[in-house]
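Structure record follows, encoded as C-alpha cells.
Just so it is clear: chains get the letters A, B, ... in the order the sequence lines come, proteins before strands, and each one is counted from 1.
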Amino acid sequence: MSEVSDVPGVRFGIAAALAVLIVIRVAAQEKPAEMVGGCPAEPLAFHACALQKARTFNPPRTPGGKPDLQGYWRSRLTQAFSVEGVPADEPLIHDPIMPWEAAPPEVIDPADRKIPYQPWAAAIGRRGVNFTQYVDPRTTCSTAGIPRLALQDANQILQPWGDQYVLWAFEDHHNQRVIAMDGRPPVGPAIKTWNGLARGRWEGNTLVIETTNLNGYNWIDDAGNFYTDAVRVTERLTLIDPDTIDFTATFEDPKAYTRPWTVAWALVRAKEPGFELLEEACREGERSLDRIRETTGMKFYFGEPWRGR
Amino acid sequence: MRSGLIISVVALIVLSAGRGAATAQTVMPPRTPDGKPNLQGIWQAVNTAAWDIQDHAARLGVPAGQGVVEGNEIPYQPSAAAKKRENFANRLTADPETMGYLPGVPRIMYMPFPFQILQTPTHVAMVFEYDRALRTIYTNGTPHPMGPINWWLGDSRGRWDGDTLVVDVVHFTDQTWLDRAGNFHSDALHLVEHYALIGPDHLRYEVTVEDPQVFTRPWKMSMLLYRRKEPDLRLLEYDPGQLLFEAQAERERVKAN
Amino acid sequence: MRIQLSPGPLRGTRPAHAAAAAALLLALAAAPASAHHAFAAEFDSTKPVKFEKAVVTRMEWVNPHVWIHIDVPQADGSVEKWAIEAGTPNVLFRRGFTKDALLPGTSIVVDGYRAKDGSRRANGRDLTLPDGRTLFLGSSGTGAPLERP
C-alpha cells in the first residue's frame, strides 16, 4: 500500500497531477489557496494531490483488517449550488435573500469541467428546465440523493462487525445508505429507489461503492443538474491522512450523458468533542412547500422532464 | 467389548439429546468479537400491532390480532382515555402516520417492514426500510443530551445487561401514535426496551412505556421479531412522504391534461 | 460564510438569558448548512421589512426551520402578529441551546424580507437585542454545506 508504483501510466499520472498543481498555483496567485488535508482545496488540484498522498498513507484498520473510515465527516471547501462551479459574474451571487457563492467546479473530468450532457439533457439541467419549472426535490424533504447527501451537513460512516456492510448515515433529512460488502449480485432493474442500492468493495485502501436502482428523482445540486433512472454512480473513498477522505463520484448514464464524468471533493473529519448526528426531521415540520408551489407555479419533479424518453 | 461399545453409543446419544434440550431453553447466542450477543441481521415483526397493539377483531383491511400489551389493558388517565377514543374515531385522517411522518418509537419497531441491525463496539444501528429511518443506539456509555428536545424517534442510549440489550429512550414529540387505533403518548414519553435473542432467528422485544401525562402507571408490550432469511435479501425503500407527493403530482398532471 | 456580527463583537455583561439569546442568534447565523427551500421563490427581496418594537411570543423549534413568532404593536394600539423564518434547530442545539432559549417577552428589532404572498411572514435577516447589539440572522442560508468552525 505504501510503495510508489513503477507502472508508466501511474508515473504519467503523477506528472500530470504535478502539472495541475503548478497551473493552479499560478492561477491563484492573487490570494493564498485554501488548503484541506495538506492539499489545495480546489477540487481538481485536491484530487491530484490526494492521489499522491494516498500512496504513502497507511490507514488505520478495522478488527477485520479493512481500512477504517469510521467517524463523523463533513464535505469541506465546496458548495452545493452547481457541480460545474459558480463563476464570479453569476448574478445569483448578489441575490439578497439566497445568495450563491462563487466557487470552482467540483467536476474534475472531463477537462472542460462541464457535465457531458446530451443536447436535450443540457437544456434540462444546468439551471434549465429543472431549475426554472420544478421545485428542488430536496425542498420537498426527499433525500438529497447520491452523491449530494455527502455535500449536505454532517455524515457518519460505521463499519459493523464482520465487514459485511458499511453504513453511511447522513444528518440531512435523516438519511442512510447500507452498502453491501459481501459480493452479492444486484437486484432487478425494476426496483427503483431514492438513494439507490449500493454494493461496495475494497480496492487497495479505497472503498468503492457502486450504486444502481436509482429512480433519478433527485438532483445533483441546486442548479438542477440531474441523472435519469439509468444511471450508475461509482464512488471512491480513500483516506489520505487520519482526518481527510478523498471522495470522487463517477456518473454513467447512457440516457443523459455522452460519456462518464466525475466530481471530487474532500470529506473532513468532524472533531468537535461529543459530536453526534442529530435527528433532522423535515417533512414533519415543513411549512413552506404549498406556498412556494402556489406562488411560483413550480411543479413536483419526479423525473418528469426525462421520463418516457 | 461389543456390548460396551453399544452402551457407550447409547450413552453418547442420551448425553447429546440432553444437551440439545438444554440448548433449546438457554441458547448461547452468537457473539461479536467483543463478546456481545450478535443481533446483526434483517428482522421484522409479524403481528398486527401497527394497526392495534391491543386485542382486536378484523376491520376492513386490518387483520384480527392478539394484542402485544401485557394484560391487554392500557392504564390511561381518564381524560387520555377519552382522547384515545376520539383518535380511534378519526384514525383514518388523524393518525400522523397517514401523513407520511416518522412513526415514532416503539411503533417503528413493529411497522410491517423489515429493518436491519448493525453493531459496532460503540453503536447499535437500526436501519429501517420504512422512511429510510435510522435509530442510532449509543452503547458507548454516553448519557442522553440535555433537553428539552423533541425528536420523532427520541434519543436512545443502550447498555448490555448480560445478554440483553437494554435501551433507554427519551426526548420525544407528542406528535406520534403507538398504532393506527389511536393509542398515543405525550412528549414526556419514556421507554425502556429489552432486546434478547431467544434462538438464532428470534429476537424477543419488550418495551416498558412510561408517560405520567397520559398513563396512571408504566405498562409493557412484548413481541417477537423474526429474522428474514431469504438469500441476498436487502432493505429496499418505502418513502411515505414522497409517495404521497408522487400521487399528488399525478393528480395534478391528469387535471392539467 | 455568513457568520457575521455587525456592527461589532459582543461585549460587556448582560443578563443570562440575553446572553443566551445572543449566542442563539449567533448560532442561527451559522445555519446556512441547510437551505431547505427556495427562499427567493417565497420571499421578495424588493420588499424589505423592519419591526422596531417586536416582542417574541413563541419559538417554533422544528426542523427544517425555526420560526420566531412576534407581536408588533401598531400606532392604533392594536397588535400585528408576524412569523419570522430562521435557520435549522440542530445548529442551535450544537451550541447548547434548546427551544427554551429565546424566551417569550424578549423585545427585539428584526428585519428581513416579506413573503411574496403578502401574508405576515418574513425571512429574517438582522435581529437587534434591547441593548443595541445587532446580529445577522442568516436564516436564508446559501446552500453551502458548511458550518465552518
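The shortest non-hydrogen separation linking B:L244 to A:R283 is CD1-NH2, 3.4 Å.
Of the atoms belonging to B:D232, heavy atoms from both backbone and side chain fall under 4.5 Å from chain A. Only the backbone of A:Q159 comes within contact range of chain B, with heavy atoms under 4.5 Å apart. For B:Q116, the part lying near chain A is the side chain, with the backbone staying farther off; criterion is any non-hydrogen pair under 4.5 Å. For B:P121, the parts sitting under 4.5 Å from any heavy atom of chain A are the backbone and the side chain alike. Interface residue A:N195: backbone and side-chain heavy atoms are both found under 4.5 Å from chain B. Using a 4.5 Å cut-off between heavy atoms, B:Y138 touches chain A through its side chain atoms alone. Both the backbone and the side chain of A:L197 come within contact range of chain B, judged by heavy atoms closer than 4.5 Å. Heavy-atom distances place both the backbone and the side chain of B:Q119 under 4.5 Å from chain A. Neither the backbone nor the side chain of A:T62 has a heavy atom closer than 4.5 Å to any heavy atom of chain B.
Within a 6.0 Å radius of CZ in B:R204, no more than 12 heavy atoms belonging to other residues, nucleotides or ligands are found.
The main-chain N or O of B:W152 is never found under 3.5 Å from a side-chain atom of A:E284 such that the two would form a donor-acceptor pair. Proximity of a side-chain donor or acceptor of B:R234 to a complementary backbone N or O of A:I179 within less than 3.5 Å is not detected. Between the side chain of B:R132 and the main chain of A:W194, no donor-acceptor pair closer than 3.5 Å is present.
Comparing B:A249, B:P33, B:A125 by how many heavy-atom pairs each has under 4.5 Å with chain A, the most go to B:P33. Note on B:T32, B:L236, B:T142: by heavy-atom pairs under 4.5 Å with chain A, the leading option is B:T32. By number of non-hydrogen pairs under 4.5 angstrom with chain A, the leading residue of B:I149, B:T136, B:L102 is B:L102. Annotation: maximal heavy-atom pairing with chain A below 4.5 Å, among B:D155, B:L153, B:N38, occurs at B:L153.
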Item to complete: Test side chain to side chain donor-acceptor pair (under 3.5 Å) on A:T140 and B:Q242 and set out the steps.
Response: CA-CA 8 Å; A:T140 72; B:Q242 292 300 317; 3.1 Å; yes
Worksheet item: Passes side chain to side chain donor-acceptor pair (under 3.5 Å), A:E279 versus B:H171? Steps please.
Response: CA-CA 11 Å; A:E279 178 181 286; B:H171 296 333; over 6 Å; no
Discussion item. Run B:R253 and A:E304 through side chain to side chain contact (heavy atoms under 4.5 Å, CB included) and show every step you take.
Written reply: CA-CA 10 Å; B:R253 194 174 295 126; A:E304 190 179 81; 2.7 Å; yes
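One distance of note links CD of B:Q40 with CH2 of A:W161; it measures 9.5 Å at 0.5 Å rounding. Considering CE of B:M126 and CD of A:Q176, their distance stands at 13.5 Å, rounded to 0.5 Å. Note that the CD atom of A:E276 and the CG atom of B:N140 stand 7.0 Å from one another [nearest 0.5 Å]. A distance of 9.5 Å separates OG in A:S142 from CZ in B:F245, rounded to the nearest 0.5 Å. With rounding to the nearest 0.5 angstrom, the CG atom of B:L235 is 11.5 Å from the OG1 atom of A:T193. In this structure, OH on A:Y301 lies 13.0 Å from CD on B:E246, to the nearest 0.5 angstrom.
Taking 4.5 Å as the limit, every side-chain heavy atom of B:L118 sits out of range of all side-chain heavy atoms of A:L158. Looking at A:L167 and B:L134, their side chains come closer than 4.5 Å, going by heavy atoms from C-beta outward. Contact check for B:E252 versus A:R293: side-chain heavy atoms found under the 4.5 Å cut-off.
Taking 4.0 Å as the cut-off between side-chain N and carboxylate O, B:E237 and A:R177 do not count as a salt-bridged pair.
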